[in-house]
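To start, the structure under review is shown below, and the notes come after it.
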Amino acid sequence: MTRSRWFLIGIILLAAVWMRVWQLETLPDGFFCDEASLGYNAWAISHFGIDETGERMPLYARSLGVKKNPVFVYASMIPIRLFGLSAFSVRLTSAMFGVVTIAGVFWLVFLISGFVPAIIAALFMTILPWNFHFSRIAFELISWPCMFIWGLAFLIFALKRGGWPWIAAGLFIGLSLHSYVMAMPFIPIFLPIFGMVYFKRLIPHWRWLTAGLLIFLLFAVPAAQYHRRTMSSEHYSYAGWWSKMSDQPLKVKILRLADNYIPFFMPEFLYTHGDPNPRHSIRNHGPIYHSLFYLSIAGIVTGLLPPSRFYWMLVTWTLLYPLGTALTNDRFASRSIIGSPLAPIWTAMTVWWLLKLLNRIRIRSLSWILQGAVIAGCIFFVGKDAVPYFRQYFTSYNQQAAHGLYGFQYGYRETLEYMESRRSEFPNLMLTAHNVNEPYIFCLFYNRVNPHYFSETHDFGYTVLRSFNFKSYTLDVPTLFAIHPDERIFFDSYKLHHTVKGYNNTDIFYIIEPLRRRPYYDEWAVRGLKRRMPSEGCTGDYIDPDARYPSAIETLTGPGYWTYPDPNPPIVDLQWHFRDSDPDYPLNPEYVEAEGACWMWFDSSASGTLEIFGSHDVMALWLNGRPIMEPTFIQPESLTLIPFEVQRGWNEWSFRACEDFGDWYFVMTLRQATGDPLVPSRHRIAPPGMDDYPRSPINSAINNKDLSP
């Protein structure tokens, strides 16, 4: 290539670096647990020679209950060594993989079609959302298209030149199997098809080709062994559906595969809506641009005039790219990222075909003008799509994705810095486990915990549990607890020490000193489930548990008798209790109703206020057969207050609860007019006099009269 051409590709690659490195640590803001996991284990191996589990120089570091692919982990050791352990250094690894992928796309297209289409492909790859977005997040998947594109380029180069490029091709394609799990169904199909398409051209290179295959097998065998061992793991079982349908006919499996496969070629996924996960894309934008979608279709069509061997390889690549993720339960742009270079390459093929067609015009000046117009037009229309994408990414993406369970878990760095500064005052430091992802890894990452110590003790300096798991902790020693704002409701008294705020002035964490926990009553007899769609409401007659207690009702799984949920103070967890009772929604019943009852003895009549809160679901409540709460949406972050009066002797409480989707629980507190807890002298989960039915164990805070902190 001439010096000017080197200069042009250099400018594009420098622009790609700047776009991927600028504000890298804070955009996206926060740091997801997978990112922290990869960074911490790379740091641990590079400094101590072990991963967080204590395994020495592992091929696959184990973290978050799964094993991490080695290409990203070991590559990230370089920036971590240079810049220290930080969100920037870990994400810099992704940025470099993204830029090297662009260089690989340029070289591949250059080998096939020449400089002009190659520079077009590199330019569009630089601004492609699919590559750009994942180049700014420390997810191991970004290394897969990089390894594969260079492996494919070396295959094409080896066909032209012969010799050592076969070794390089075997190396890079072998490494691709260790870059991301989705390479396993892709590579074993792609390579044999490549061999069939180029079979005649492979024969003269059989010696070097054999050497390249041996290098590939050196990497492929341990990768295959690892994936074979882990196919039955809980993580694979959760993510995939094929093994769960082993007893289903092949036709059913094929239809399920088609349902997951076809949407990856539709506009809804590719450019209008994209991946719904906020970590994987900006809101309402697919992984490619509208213009690239149609230019790619044009490339597929024009490539048939006539088709080349490389054309059939691109078609194979296009047809295979969604295969891995179609075998899983989610339609993620992350799992299908091997398709990211296709739109720029197909567009380059469109440009190349048009340029060759216009080159036939005998008037050279007119030919050049028209060729320039084609290139300028493509750049204009793609650029027109790119401008609003980058405007949204750099102005509002943090507000969309920094917070929450499905975002980048913003707030842990500030939370841990504050709590570490108060460690000498508070022997007990606690982090909430409610609606979070693996908080322990942030303690390891930000506090740089020695992996030898952690692998031996499993102590990362904090206790992680849900604030409402009262039976799992006490407040006997000074405690500092980082909770979500909606968890304050579980405490009657606390001191707020620090608030971690996010975008739009949102409160992310409250760091509190709990002083007294909420009293509660959590012992009920329940039965169900019945199907109840939201449009039907949660209405119905009084359930009359005294009259109907011994009898069963017809439920989704047959006769339903009264049962007693395992205590999980202070919540009454209906979702967990009925987890196996909805055949349409295993482990998480949806669109159902249940009923419950209990009996309390009071030594004298009393009045007070019932406080109830819980998941976003509807409940109705009766006291001694009289409705005291009509069907009402209760909330997880605010109290519903119900006045009541109890009589001397036994009092019957009963409820009907209807679940739409998500969690399904409630918490109930009885208070006197003074605000003090109203404590029954005795209680039962069967009507008084029915000695054949079990009495409720005495183990809740109210029943124990345990109102201490």
Side-chain angles (χ1 to χ4, degrees), residues 1-13 101-128 149 152-161 165 193-194 197-198 200-201 288-319 321 339-386:
M1 288 197 308
T2 63
R3 186 174 298 178
S4 60
R5 289 183 172 184
W6 280 112
F7 178 78
L8 185 55
I9 186 61
I11 289 295
I12 289 177
L13 292 178
T101 303
I102 296 168
V105 167
F106 170 81
W107 190 37
L108 177 63
V109 178
F110 178 78
L111 290 171
I112 299 299
S113 303
F115 178 78
V116 173
I119 207 73
I120 292 290
L123 176 62
F124 291 163
M125 192 70 182
T126 299
I127 61 175
L128 185 76
I149 202 77
L152 182 58
F154 271 114
L155 283 175
I156 301 299
F157 188 47
L159 287 170
K160 292 175 176 287
R161 184 187 186 281
I193 294 175
F194 181 92
V197 171
Y198 286 97
K200 290 183 179 180
R201 295 184 59 183
I288 70 173
Y289 298 118
H290 177 270
S291 52
L292 286 181
F293 177 77
Y294 291 102
L295 287 169
S296 297
I297 293 176
I300 295 172
V301 173
T302 56
L304 288 168
L305 306 171
S308 64
R309 288 186 177 90
F310 185 71
Y311 172 84
W312 292 119
M313 294 318 305
L314 282 182
V315 170
T316 300
W317 184 356
T318 303
L319 292 175
Y321 98 87
S340 58
L342 287 169
I345 293 174
W346 279 121
T347 299
M349 296 297 101
T350 302
V351 172
W352 178 233
W353 183 84
L354 288 171
L355 294 180
K356 288 191 296 183
L357 181 66
L358 295 173
N359 196 48
R360 297 177 183 177
I361 298 176
R362 295 183 178 181
I363 304 174
R364 302 314 300 165
S365 58
L366 178 61
S367 174
W368 294 338
I369 291 172
L370 292 176
Q371 289 181 53
V374 167
I375 295 172
C378 288
I379 294 175
F380 172 78
F381 285 110
V382 176
K384 186 178 178 182
D385 288 342

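Side chains are part of it too, since the values below use all heavy atoms of this structure and drop only hydrogens, waters and symmetry mates. Along the sequence shown, the residues carry numbers beginning at 1.
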Legend entry - Ile300 and Met349: CA distance, side-chain angles, deciding distance, side chain to side chain contact (heavy atoms under 4.5 Å, CB included) verdict: CA-CA 8 Å; Ile300 295 172; Met349 296 297 101; over 6 Å; no
Legend entry - Intermediate values then yes/no, ring-ring contact (aromatic ring centres under 6.0 Å, His included), Trp107 and Phe154: CA-CA 9 Å; Trp107 190 37; Phe154 271 114; 5.0 Å; yes
Inset, instruction - Go through the steps to decide whether Trp346 and Tyr311 satisfy the test ring-ring contact (aromatic ring centres under 6.0 Å, His included), and finish with yes or no. - result: CA-CA 9 Å; Trp346 279 121; Tyr311 172 84; 5.6 Å; yes
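From Ile112, atom CD1 reaches atom CZ of Arg309 across 11.0 Å, with rounding to the nearest 0.5 Å. Atom OG1 of Thr2 sits about 9.5 Å away from atom CG of Leu8, to the nearest 0.5 Å. Here Ile120 contributes atom CD1 and Ser113 contributes atom OG; the two are 12.0 Å apart, rounded to the nearest 0.5 Å. Atoms CD1 and CZ, on Ile156 and Arg201 in that order, are 7.5 Å from each other to the nearest 0.5 Å. Taking CD1 of Ile379 as the reference point, atom CZ of Phe124 lies at 5.5 Å (rounded to 0.5 Å). Atoms CD1 and CD1, from Ile9 and Ile102 in turn, are 8.5 Å apart once rounded to the nearest 0.5 Å.
Residue Leu128 comes nearest to Ser340 through the heavy atom pair CD2-O, 3.0 Å, listed as atom of the first residue, atom of the second, then distance. Residues Phe106 and Ala122 come closest through the heavy atom pair CB-CB, 3.9 Å. Residue Gly339 comes nearest to Tyr321 through the heavy atom pair CA-CD1, 3.6 Å, listed as atom of the first residue, atom of the second, then distance. Nearest heavy atom pair, residue Pro165 against residue Phe157, reads CG-CD2, 3.6 Å. The minimum heavy-atom distance linking Leu108 with Trp317 is given by the pair CD2-CZ3, 4.4 Å. Across all their heavy atoms, Thr350 and Leu295 have their closest contact at OG1-O, 2.7 Å.
Listed by chain and residue number, nothing satisfies the ring pair (Phe, Tyr, Trp, His ring centres under 6.0 Å) test with Trp352 (two or more places apart in sequence, or in another chain). With sequence neighbours excluded, no residue forms a ring pair (Phe, Tyr, Trp, His ring centres under 6.0 Å) with Phe380.
Between Phe115 and Trp6, the gap from one ring centroid to the other reaches at least 6.0 Å. Ring pair Tyr198/Trp312: centre-to-centre distance not below 6.0 Å.
Remark: Leu304 CG is packed, more than 12 non-hydrogen atoms of other residues, nucleotides or ligands lying under 6.0 Å away.
For the pair Arg364 (side chain) and Asn359 (backbone), a donor-acceptor distance under 3.5 Å is present. For Tyr289 (side chain) and Ile127 (main-chain N/O), a donor-acceptor pair under 3.5 Å exists by modelled atom type.
Taking the side chain as every heavy atom from C-beta outward, Leu357 and Val374 never approach each other to under 4.5 Å.
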